[in-house]
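Below, chain A is the first sequence line, B the second, and so on; all start at residue 1.
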Amino acid sequence: MVSLSKKLIKTLRRPAILIPQFYEPKAPALDLQEPFIPVSKLQETKLLEAQLVSILDSCISLTEIKRVHAHIIRKGLDQCSFLLTKLVRVLCKLNTPIDTYARLIFSQVYCPNPFLYTAIIRGYSVQGPLEKAVFLYGQMRRDDILPVSFTFTALLKACTGVLNVDLGRQIHGQSLKIGGFVQDLFVGNTLIDMYVKCGCLDFARRVFDELPTRDVISFTALIVAYAKSGDMVAASELFDRLPVKDMVAWTAMVTGFAQNAQPKEALEYFEKMQNSGVNTDEVTLSSVISACAQLGAIKYANWVRDFAEKSGFGLTDNVLVGSALIDMYSKCGSVEDAFKVFESMKDRNVFSYSSMIGGFAMHGCAREAIELFEKMMKVEVKPNKVTFVGVLAACSHAGLVEQGQHFFGMMENGCGIKPSVDHYTCMIDLLGRAGRLEEALELIQTMPIEPNGSIWGALLGACRIHRNPKVAEIAAKQLFQLEPDGIGNYVLLSHIYASAGRWEDVSRVRKLIRAKRLIKTPSLSMVEDENGGLHNFYSDDTIHPESKLIKQTLQDLLKRLKVHGYQPILSSAPYDVSDEEKERILLTHSEKLALAYSLLTTSANCVIRITKNLRICEDCHSVMSRASQLTSREIVVRDNLRFHHFRKGICSCGDFW
DNA sequence: ATAGGGTTAG
């Protein structure tokens, strides 16, 4: 500000020598006494303008810009809107507050053209406040200057940024009123994006349908919107209509499937994408990696990692790919590989740390998780709310109640993060797992947030571990209201009753399930063979071509285990039937079938990795544990909650899950 | 100028 001295301002007031490119009719009349500008002089000026533009583009500091501005004034180009617009844009790019310099330049121009106006509006749109951008738009209209489409895109983008859909609609109205602009592809696409980000999918669709022509960007914006709302059918329909599919559009589909728990479709689309000859970048890869994580398919995952390395998005120098890989290896059962990735990364951000901490937590490595968290604080990577979920979960799985409470207290005081319902869920889980059910219940009643399904679910889960039907009933009552269709809750309650031998209550819950026409999620276990092929096993599976052989192998195994002291844990079959029948039911559990299949088909040094969609039962846990000792095999089971590493008869969860 | 971005609990 100070540098713009009075002298400078005086210079600014001097009438322009030449006719600027975008002079409006309202420009002051030329002084006819001025000498006629010869052609050579004009050419010279054009050349100078071009030079100045390129110099402005390379400016990286305010001082440099000011120097160029002084030069512009010296050369008598201080009314050249073209140059000044460029100047304002560069100022904006360097994040110089609009009010300090750009606004002053603007006020010195006699007849600002729409581009200069728009540059200032854009500046305010980027830096805020939005009100000033809107005010300037009003001034522009009062000055009777027609906006350009870029004026609208700038304003709309600002609305999108602060999710102000009301203002967005007004601007939409303006673009209709002035005419022609809603039909502009840029404006149309920005409108779609604004409505999408503000959650007004219907409006977005209407803009899309009313556009005279649409490009791949219009399509992609809507595809993403449908994907985010969980409607992959609508997304696919649009995608099929898209004549030319580019990398971003393909990636939107891959990401959509990955985020909607359809990892197989995600991988399918990734393969189609490559067949269509489109390139792949780190965004695509991170989604593909996330799909692998969900599948627990470590062979495919390794292939994707090699692919990433080959296409120049290696884990060492790409944070996005690296962080996704950490999560993937953790979820595929190899926390060691996850840590290798973490260590080899050049840059690590909050995602990398949070994923690694969460990975340790998932595998029951509480000490490592806490150490990494402390290291993270030391290297000044700011933890976020997800980081804390990881740390608290780690404490919870290891029974470290006091440690957990310490970190929970740290959130608000040390890190300025308000504990969310997720963090309270962790605390309920922490207390509940440790058997402090009454304390957990008390926390629910006194916490400042309305308890949701997760909160009561955590308590109900703890009641299962500690076989407490009394507290379970309190939790279940709330849960059945909050999640009336959550089949898992009913099943859990019936198991708790069963383990207490309360068969009447068990059948009461079963009746409730029938009355609500809920269907039990079928138990599904998955293993990868040595060639990367995936094999699914449902409980009591007779579909698998080798099912007879598998059953025989399982029976042989159990016979051998019994010799070494294994006793079936009959309470894991929550039915009021004879002990023989219970034992028969236990034999049908999908993870046991998967184990037998792996023992049958894989070589002795190969780690057996089983992924299960439901929680592993006590009997299967005991079988896995003993089998790991008897057969000298390493067995890794991922259930819907966490990992169990069975080595030499011992599980990483410490029989506490 | 406008489209795709990873880590979360029971």
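Here A:T118 pairs with A:T151 under the side chain to side chain donor-acceptor pair (under 3.5 Å) rule; sequence neighbours left out. A:K197 is linked by a side chain to side chain donor-acceptor pair (under 3.5 Å) to A:D193, counting only residues two or more places apart in sequence or in another chain. With sequence neighbours excluded, the residues forming a ring-ring contact (aromatic ring centres under 6.0 Å, His included) with A:H621 are A:H644, A:F646, A:W657, listed by chain and number. Remark: A:T611 engages no residue in a side chain to side chain donor-acceptor pair (under 3.5 Å) (not counting sequence neighbours). Scored by the ring-ring contact (aromatic ring centres under 6.0 Å, His included) test, A:Y226 finds no partners at all (sequence neighbours excluded). Every residue meeting the side-chain contact (heavy atoms from CB on, under 4.5 Å) condition with A:N384, not counting sequence neighbours, appears here in chain and number order: A:V350, A:S354, A:V386, A:T387. Taking A:D209 as the reference, A:R205 meet the salt bridge (Lys or Arg N to Asp or Glu O under 4.0 Å) condition, with sequence neighbours excluded.
Using a 4.0 Å heavy-atom criterion, one finds that A:G453 contacts the bases of the nucleic acid, with or without backbone contacts as well. At a threshold of 4.0 angstrom between heavy atoms, the contacts of A:K245 with the nucleic acid are absent. Base contact: A:N349 has a heavy atom under 4.0 Å from a base atom. If you check every strand for non-hydrogen atoms under 4.0 Å, A:V319 touches a base. Using a 4.0 Å heavy-atom cutoff across all strands shown, A:D281 reaches at least one base atom of the nucleic acid. Within 4.0 Å of A:I455, counting heavy atoms only, lies no atom of the nucleic acid at all. The residue A:K157 sits close only to the backbone: its heavy atoms come under 4.0 Å of sugar-phosphate atoms, none of a base. Residue A:R433 is in sugar-phosphate contact alone, with no base atom involved, counting any heavy-atom pair closer than 4.0 Å across all strands shown. When heavy atoms are screened at a 4.0 angstrom cut-off, A:Q259 is found touching the sugar-phosphate backbone but no base atom. Across all strands shown, A:D422 has heavy atoms under 4.0 Å from base atoms, whether or not it also approaches the sugar-phosphate. Nucleic acid contact class of A:V224 (heavy atoms, under 4.0 Å, all strands): sugar-phosphate only.
Remark: A:K272 qualifies as a cation-pi partner of A:Y269 under the 6.0 Å distance and 45° angle criteria applied to the six-membered ring.
Remark: the A:N318 side chain and the A:D347 side chain contain no N/O donor-acceptor pair separated by less than 3.5 Å.
Within residues 283-294 of chain A, the residues approaching DNA chain B are A:V283, A:T284, by heavy-atom distance under 4.0 Å.
Think of the region where chain A sits on DNA chain B: with heavy atoms and a 4.0 Å cut, that region ends 5' and 3' at B:dA1 to B:dG10.
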